[in-house]
Amino acid sequence: FESLAGTLPIDFGPASAAGPAKNQITSATGTITDQPISPGKYRVTASRGPEYTIVQKEITLAAGGKESFAGALRQVLDVSGYLGADFHQHSMLGADAPTSTIDRVISNAAEGVRIAVATEHNVVADLEPLVKEAKLDDELVEISGDEVTSDAAVIPWGHMNVFPLVRNAADPRGGAFDATKPPSTVIDSVAKITAPHVVQVNHPRAWNIGYFDLAHFDASIGAGTAPWYDGRFDALEVWNGRNVESRDKVRADYFSLLLHGHIVTPTANTDTHGVVGQEAGYPRTYVSVQNSGKVTGWDDARTNDLVHGILTTRDTVLTNGPFLRVSINGAPIGGLAKAKGGNVIAHIVVSAAPWVSVDRVGIALASGAVIEKKISLKLTKSGETSARIDIPIHVTQDDAVSIYAAGDEPLSPVLSGDAKEIAPYAMTSAIWIDADGDGKSLGRTSP
């Protein structure tokens with residue numbers, strides 16, 4: 001609810017709640033009835049995440065009066081082949097977040113997050129029973145994880161997520177890893193679990209809780225120089241919440257890892273501790289999977305499919321709004337492109353819901369070069385906006401590239417905050433370029 005024409009701002013209460021909070025109402029059912037607000041003029045916006053249209057209406061509410069507002073939110077953004085996930089979230093179970101567990105579930109469903117991972121600090125939580133209780137299991141899957149948080153260790157080394165996990169109900173912390181141990185011990189413990197798991201470095205450039213900052217990561221060697229540094233992680237949280245300055249720095253770290261043969265998958269997650277101002281799924285990670293249909297009846301096979309997408313296919317799109325489909329000389333995101341004579345062509349499709357504005361697309365090479373082009377998205381018959389562009393790339397040696405799309409018009413009023421923090425942005429995981437024809441590039445072969 002935006003107050004207009006001098007109407008006093010609405011404040012429904014703490015930003016950490018679903019339902020009425022600050023100037024928003026987050027609904028599990030899509031229906032809101034008899035919510036009292038002061039007389040005045042308002043712009044009301046209904047949204048359900050970046051895959052959907054928004055509906056807006058200006059209303060003038062007289063004292064003692066009533067106004068109704070109904071609209072259909074249509075899913076128009078084509079993300080077939082992918083599932084949108086948020087791999088880093090908190091609730092009151094993690095000690096430093098005020099959001100209740102049911103409000104965390106509702107906030108995910110309301111923003112169109114399909115896969116949410118509960119990553120409390122040194123606690124394994126299982127929120128899936130709440131999803132079923134709220135009758136949201138057609139829309140959302142909650143997977144258990146653990147944010148291994150080393151703040152209390154003798155030598156703090158940062159935070160890492162491990163997922164998927166099975167909560168141990170007999171353990172007070174659900175079977176969480178011992179975060180007082182060095183990262184090598186934690187990763188050794190993960191390796192002993194038979195099912196495949198993801199180890200993700202969280203907010204690596206978050207100073208006193210950032211793995212790369214604490215390990216004195218050296219881009220010239222693609223590794224940390226602290227004696228306890230362990231490079232056996234699978235995913236790197238390139239984009240954490242609203243921190244876009246850190247995003248750019250960690251993208252450079254990601255490229256440094258690739259240049260030194262350390263193949264990891266980039267992710268984007270909210271690290272949300274609240275609801276309003278830390279909306280679930282802004283940003284999120286789209287992971288290429290075999291089955292991208294409804295999540296009804298989710299089982300271990302589909303969890304393994306998701307993990308395979310992170311560990312092996314490595315085809316991800318990090319975004320708070322736009323979506324990217326890319327191939328280079330026939331190789332998909334996460335793949336290996338052959339560069340005859342050092343020349344390749346990137347075929348890029350940028351798409352977005354109509355309320356998300358994108359005006360440029362770029363190619364960032366791990367070796368340092370950046371190619372950027374202006375684009376104009378046009379409305380399609382399906383209701384999304386889209387643009388196609390082919391960009392030639394020349395390399396002189398094996399390299400890797402990430403494609404990005406961006407705009408400067410903020411995602412308000414769906415999101416609130418600093419305009420730069422909520423400007424549309426998306427980037428892909430790497431496509432490797434084989435310049436010398438030996439069938440591999442920077443350690444990557446065809447997945």
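This is a predicted model, so every value here is computed, not measured.
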Tell me, please, whether Phe255 has Arg251 positioned over its six-membered ring: NZ or CZ under 6.0 Å from the ring centre and within 45 degrees of its axis? no
Evaluate the side-chain proximity of Pro354 to Val76: yes if any heavy-atom separation is below 4.5 Å, no if none is. yes
Hits for salt bridge (charged side-chain N to carboxylate O under 4.0 Å, His left out) against Glu139, two or more places apart or cross-chain, chain-then-number order -> Arg48, Lys294
Rounding to 0.5 Å, atoms CG (Leu136) and CG (Asn108) come to a distance of 10.0 Å
Could you tell me which residues satisfy side-chain hydrogen bond (donor to acceptor under 3.5 Å, both in side chains) with Glu384, sequence neighbours excluded, listed by chain and number? none
Does Asp230 have any salt bridge (charged side-chain N to carboxylate O under 4.0 Å, His left out) partners at least two apart in sequence or in another chain, and if so, which? Arg232
Shortest non-hydrogen separation from Asp399 to Leu259 and the atoms involved: OD1-CD2, 4.4 Å
Those residues that, when tested against Asp213, pass salt bridge (charged side-chain N to carboxylate O under 4.0 Å, His left out) (two or more places apart): Arg205
Any non-hydrogen side-chain atom of Lys338 less than 4.5 Å from a side-chain atom of Asn329? no
Side-chain H-bond candidate by donor/acceptor type, Ser80 with Asp78, under 3.5 Å: yes
Quick check: do Val264 and Phe233 have side-chain heavy atoms less than 4.5 Å from each other? yes
Residues in side-chain hydrogen bond (donor to acceptor under 3.5 Å, both in side chains) contact with Asp178, at least two apart in sequence or another chain: Thr180
Any donor-acceptor pair under 3.5 Å linking the side chain of Asp234 with the backbone of Val199? yes
Strictly by side chain to side chain donor-acceptor pair (under 3.5 Å), give each pair with a member in residues 432-447 just once, sequence neighbours left out. none
Evaluate Tyr211 against Tyr229 for ring-ring contact (aromatic ring centres under 6.0 Å, His included), listing each step before the verdict. CA-CA 8 Å; Tyr211 191 65; Tyr229 177 83; 5.4 Å; yes
Looking at residues at least two apart in the chain, or sitting in another chain, which of them share a ring-ring contact (aromatic ring centres under 6.0 Å, His included) with Phe177? none
Show the numbers, then the answer: is there a side chain to side chain donor-acceptor pair (under 3.5 Å) between Glu147 and His159? CA-CA 6 Å; Glu147 182 170 22; His159 297 185; 3.0 Å; yes
Taking only residues two or more places apart in sequence, or in another chain, which ones meet Lys249 in a side-chain hydrogen bond (donor to acceptor under 3.5 Å, both in side chains)? none
Nearest 0.5 Å please: distance from the NE2 atom of His90 over to the CG atom of Asp271. 4.5 Å
Check against side chain to side chain donor-acceptor pair (under 3.5 Å), Glu51 and Tyr286: CA-CA 12 Å; Glu51 297 176 23; Tyr286 282 97; 2.7 Å; yes
Are Asn304 and Leu306 side-chain neighbours, meaning at least one heavy-atom pair lies under 4.5 Å? no
Rounded to the nearest 0.5 Å, how far apart are CD1 of Ile433 and CD1 of Ile431? 8.0 Å
Pair Thr225, Ile221 - check side-chain contact (heavy atoms from CB on, under 4.5 Å), show working. CA-CA 9 Å; Thr225 57; Ile221 61 173; 4.1 Å; yes
Going by ring-ring contact (aromatic ring centres under 6.0 Å, His included), name the residues that satisfy it together with Tyr52, two or more places apart in sequence or in a different chain. none
Looking at residues at least two apart in the chain, or sitting in another chain, which of them share a side-chain hydrogen bond (donor to acceptor under 3.5 Å, both in side chains) with Ser256? none
Going by the side chain to side chain donor-acceptor pair (under 3.5 Å) test, which pairs reach into residues 161-173, not counting sequence neighbours? Asn161-Asn202
In chain order, what residues pass the ring-ring contact (aromatic ring centres under 6.0 Å, His included) check against Phe87, with sequence neighbours excluded? Phe163
Hey, does the side chain of Ser429 reach the backbone of Pro266 with a donor-acceptor pair shorter than 3.5 angstrom? no
